[in-house]
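Because only heavy atoms are used, hydrogens play no part in the values below, and waters and symmetry mates are left out as well, while side chains stay in. These figures come from a predicted structure and were not determined experimentally. In what follows, every chain begins at residue 1, and chains take the letters A, B, ... in the order their sequences are listed.
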Amino acid sequence: QVQLQESGPGLVKPSETLSLTCAVSGYSISSGYYWGWIRQPPGKGLEWIGTMYHSGSTYYNPSLKSRVTMSVDTSKNYFSLKLSSVTAADTAVYYCARQVNGYNSNIDYWGQGTLVTVSS
Amino acid sequence: QSVLTQPPSVSAAPGQKVTISCSGSSSNIGNNYVSWYQQLPGAAPKLLIYDNNKRPSGIPDRFSGSKSGRSATLGITGLQTGDEADYYCGTWDSSLSAGQVVFGGGTKVTVL
């Protein structure tokens with residue numbers, strides 16, 4: 001059974017960089033699929049942040065692209081998200097997830113989510 | 001403002017049927033597959049329907065999906081109290097050069 005688990009600071013100061021990691025178990029990232037992030041502000045809907053393949057190809061939400069960096073570590077079977085210059089609008093529950101392919105919205109496995117609050 | 005439009009809420013009595021619409025454009029639903037997600041209170045979203053009308057293993061056939069033109073529909077029959085949740089449609093949008101996954105604003109299903 002594929003499982004994903006997010007980890008990272010729950011509080012980030014404005015203008016700083018949000019950094020999260022997603023540990024994957026039950027499946028080897030290097031075997032395929034795309035791995036990415038979705039966020040959900042409190043009481044609001046879902047927003048796709050982006051996804052990447054283990055080889056390094058990435059697809060980012062155009063509205064966030066200038067601030068987003070994703071990376072993968074196949075040796076440790078985890079992937080990461082960095083979001084720079086955060087503001088209060090970036091406060092959200094961040095989910096890591098497995099996406100079936102880069103041009104499709106099939107997201108078949110999700111982490112439990114981690115709340116990140118941007119505040120001084 | 002979501003790219004895909006869903007009704008904010010729908011409701012029905014136990015055992016009844018509800019349908020949730022999701023409307024978009026030619027750059028998203030019109031030319032790409034649609035997925036549907038169920039988000040129970042306090043939980044992560046769960047894939048209910050993919051490729052317009054396919055159900056992942058373990059999803060009961062009470063849930064169904066369809067697509068016509070630039071719109072998609074999720075149907076839930078035999079409504080149960082455990083179906084109370086937020087439901088989201090999603091698809092790929094290719095209106096920008098890079099493309100992205102887009103979601104609807106979500107529909108809250110209430111079992112009366």
Which region of [X], side chain (C-beta onward) or backbone (N, CA, C, O), has a non-hydrogen atom less than 4.5 Å from a non-hydrogen atom of chain B, or is it both or neither?
X: Tyr60(A); value: backbone
X: Ile38(A); value: side chain
X: Tyr103(A); value: both

Where is the tightest heavy-atom contact between Tyr109(A) and Val2(A), given as atom of each residue plus distance?
CD2-O, 3.6 Å
Identify the two heavy atoms, one from Glu84(B) and one from Val111(B), that lie closest to each other, and give their separation to 0.1 Å.
OE2-N, 2.8 Å
Go through the atoms of Asp51(B) and report whether side chain, backbone, both or neither lie under 4.5 Å from a heavy atom of chain A.
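Asp51(B) touches chain A through backbone and side-chain heavy atoms alike.
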Only pairs of heavy atoms separated by less than 4.5 Å count here; which of [options] has the most with chain A?
options: Tyr37(B), Tyr33(B), Tyr50(B); value: Tyr37(B)
options: Leu47(B), Asn32(B), Val34(B); value: Leu47(B)
options: Gly90(B), Ser2(B), Pro45(B), Gly99(B); value: Pro45(B)

Against chain B, work out which of Pro62(A), Gly113(A), Ala97(A) has the most heavy-atom pairs shorter than 4.5 Å and name it.
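Sorted descending by pairs with chain B, the first entry is Pro62(A).
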Per side chain to side chain contact (heavy atoms under 4.5 Å, CB included), Leu20(A) is matched among Tyr94(A), Phe79(A), Tyr95(A) by Tyr94(A)
Among Leu83(A), Asn61(A), Leu64(A), which one satisfies side chain to side chain contact (heavy atoms under 4.5 Å, CB included) with Ile49(A)?
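Result for side chain to side chain contact (heavy atoms under 4.5 Å, CB included) with Ile49(A): Leu64(A).
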Below 30° counts as parallel, above 60° as perpendicular, anything between as tilted: where do the rings of Trp48(A) and Trp92(B) land?
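Ring orientation of Trp48(A) relative to Trp92(B): perpendicular.
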Would you check if there is a donor-acceptor pair between the side chains of Ser35(B) and Ser105(A) at a distance under 3.5 Å?
yes
